[in-house]
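Because only heavy atoms are used, hydrogens play no part in the values below, and waters and symmetry mates are left out as well, while side chains stay in. Just so you know, residue 1 is the first one in the sequence shown, and it goes up from there.
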Amino acid sequence: MFKVVLSLSFFSSLALLTIGLYLFQTQRFTISGYSTSYMAIRSNYKMVVAIRTARRQHPTVLGVVKRLASEPSFRDYKLLVWQSYSSADDEEIRQTLEGLGATVFTQRDVYPELSNEDRIKITYGDPLNQVKWRTNHVLDFANLLERSLQYNTDFILMLEDDMLPAKNSLDKVYLSLHYDVPIRADRLGYVTFFSMSQFALPNGMIDITTMIGAEGACALGFRSSFAPRLIQRLRTHPYDNPVDIALWLLIKEDKQLHVFERIPNLFQHIPKESTLIRRKSILKNSENRSIRFVYDENNNS
C-alpha cells in the first residue's frame, strides 16, 4: 500500500512539474549587448497592449487605461505599462494602474547610454537635452516591446499614454490585425491605428507603405515575430532616430515589408498634452489630431 501511495505521489509531482514547464519557459536572447532572461508565459491572452508613460504636467495615462479597462473584453488582453525614468516616483499612479489590472514596469535608473553625456551622439542638430529625451523614449519603447514578447501572443499593440481609444477598440484592433491585413504574415511591418495626415482616404485597411510619416509611433500594431528586429534596430542605434523614423528606415530597407493604416482610426490624441510641444517645428497642426478617428462606427460619431 505504501509503495502505491509513493508511486502516485511521484507521478503527481512529475505531472505538476510538466505542467509548470509547459506554462513557463525561460528564454534568453542577446540583442546588441543586452542579454535578457525572462519567463515566457504561455498565456491565453489575445494580444498584449503596451503603454509607455512619462511625466506630464497633467498625467493622461490613467484616463487612457480606465477607458481600456472599461471595455467588455478587457480581460482577454494583457495590459503592460512602462513608467519612464521621469515618472519613476509616481507611486500613486503606479498603484492605481495596478488596481486597474495593468502590470507596471518602472525604469528607476538612468540608461547607461545616457549616463555619460560626452559619449552621446548629437543628431538632427538637436540640443543635448532633446537628444537625451528622444533616446530615453527609444530605449523605453525597445524594453517595453521586449517585455511584451514574454506573453507569447501573436500580436502587440504599442500605445502612447495620450491616446484615447474608440469604443471597443481592443477587439477592433485584434480583429484588424488577425483578419484584415491582406498580405502574408511575414510581410507585415506594422499597422497604425492613428494618423495626423490631412489627406482623405477610404475606409478599410489601406496600404500606406509609400506614404508613411504622419502616424508617428502613437498607436502601432505588430506581429510579435517582427518585434525582435525592431528591438535590435532601436538598441543598436539609440541616438540616431526617434522610433517612427527608425521604423520607416527598417521598412525602406526591407522591400517586402508593408505598412497599413486602419481607417477609421481607433485612437485619438488628447489635445495639448503631447510632449512634442517642446518642438513646435514638428507640429503639423495645433493639436496633433486625427481627422480619421471615429469613436463609435455604428453611430458614425
Side-chain angles (χ1 to χ4, degrees), residues 47-69 77-88 90 93-94 97 100 102-107 130 133-148 155-166 169-170 172-173 190-197 212-222 227 230-231 234 241-248 259 261-262 265-279 282-290 292-293 295:
M47 178 175 67
V48 170
V49 182
I51 303 175
R52 173 194 172 271
T53 184
R55 180 177 295 279
R56 297 179 184 274
Q57 184 177 0
H58 305 289
T60 54
V61 66
L62 291 181
V64 173
V65 171
K66 286 177 181 177
R67 288 272 289 268
L68 293 173
Y77 302 93
K78 180 62 182 178
L79 178 61
L80 308 180
V81 176
W82 183 277
Q83 281 189 306
S84 185
Y85 178 71
S86 64
S87 61
D90 291 335
I93 289 181
R94 177 164 52 253
L97 288 170
L100 290 168
T103 297
V104 182
F105 301 97
T106 302
Q107 178 66 28
Q130 184 68 27
W133 169 81
R134 189 178 69 231
T135 302
N136 198 83
H137 177 240
V138 167
L139 295 172
D140 282 351
F141 193 100
N143 287 336
L144 180 55
L145 189 55
E146 179 186 81
R147 297 301 190 280
S148 301
F155 306 108
I156 300 170
L157 174 65
M158 299 288 289
L159 291 176
E160 289 292 292
D161 66 350
D162 57 353
M163 303 301 295
L164 285 177
S169 62
L170 297 179
K172 291 176 181 177
V173 168
Y190 61 91
V191 175
T192 182
F193 297 92
F194 168 83
S195 176
M196 294 178 288
S197 172
I212 57 178
E215 66 277 2
C218 301
L220 305 181
F222 303 94
L230 179 55
I231 294 169
L234 295 176
N241 298 290
V243 174
D244 56 334
I245 302 300
L247 259 173
W248 179 79
V259 176
E261 180 182 342
R262 197 273 193 187
N265 288 175
L266 293 175
F267 293 88
Q268 180 65 287
H269 181 256
I270 300 172
K272 300 179 182 178
E273 287 294 346
S274 176
T275 52
L276 290 178
I277 202 69
R278 289 180 291 177
R279 289 196 62 193
I282 292 180
L283 304 181
K284 301 301 181 183
N285 58 56
S286 61
E287 296 182 343
N288 291 338
R289 304 281 278 176
S290 167
R292 302 171 184 167
F293 173 79
Y295 173 71

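Remark: Leu164 CG to Phe293 CZ distance equals 7.5 Å, nearest 0.5 Å. Between the OG1 atom of Thr192 and the CG atom of Leu266 there is a distance of 10.0 Å, given to the nearest 0.5 Å.
Of all heavy-atom pairs spanning Glu261 and Ser195, the tightest one is OE2-CB, 3.4 Å. The shortest heavy-atom contact between Arg292 and Ser197 is NH2-OG, 3.0 Å.
In this model, a donor atom of one side chain and an acceptor atom of the other lie less than 3.5 Å apart for Glu215 and Tyr190.
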* Evaluate the criterion side-chain contact (heavy atoms from CB on, under 4.5 Å) for residue pair Leu157 and Val48; output intermediate values, then yes/no. => CA-CA 6 Å; Leu157 174 65; Val48 170; over 6 Å; no

* Could you go through the side-chain contact (heavy atoms from CB on, under 4.5 Å) check for Phe267 and Cys218 one step at a time? => CA-CA 9 Å; Phe267 293 88; Cys218 301; over 6 Å; no

* Asked: Can you check side-chain contact (heavy atoms from CB on, under 4.5 Å) on Leu139 and Leu234, steps first, answer last?
  -> CA-CA 7 Å; Leu139 295 172; Leu234 295 176; over 6 Å; no

* To do: Given side-chain contact (heavy atoms from CB on, under 4.5 Å), test Leu144 with Ile51 step by step and report yes or no.
  => CA-CA 8 Å; Leu144 180 55; Ile51 303 175; 5.6 Å; no

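Under the rule for a side-chain hydrogen bond (donor to acceptor under 3.5 Å, both in side chains), Lys172 has no partner lying at least two apart in sequence or in another chain. In terms of the side-chain hydrogen bond (donor to acceptor under 3.5 Å, both in side chains) criterion, residue partners of Ser290 (sequence neighbours excluded) are, by chain and number, Asn265. Residues meeting the side-chain hydrogen bond (donor to acceptor under 3.5 Å, both in side chains) test with Thr53, sequence neighbours left out: Asp161. The side-chain hydrogen bond (donor to acceptor under 3.5 Å, both in side chains) search around Tyr77 returns Asp171, not counting sequence neighbours. Looking at residues two or more places apart in sequence or on another chain, you find a side-chain contact (heavy atoms from CB on, under 4.5 Å) between Leu100 and Val65, Lys66, Thr96. Ser86 pairs by the side-chain contact (heavy atoms from CB on, under 4.5 Å) definition with Ala54, Arg55, Ser84, not counting sequence neighbours.
Between the side chain of Arg52 and the main chain of Glu160, no donor-acceptor pair closer than 3.5 Å is present. Judged by distance alone, with hydrogens and angles left aside, the side-chain atoms of Ser87 form no donor-acceptor pair with the main-chain N or O of Gln83 at under 3.5 Å. Of the possible donor and acceptor atoms, one in the side chain of Arg289 sits under 3.5 Å from a partner among the backbone N and O of His269.
A cation-pi arrangement, defined by a distance under 6.0 Å to the six-membered ring centre and an angle within 45 degrees of its axis, is present between Arg147 and Phe105.
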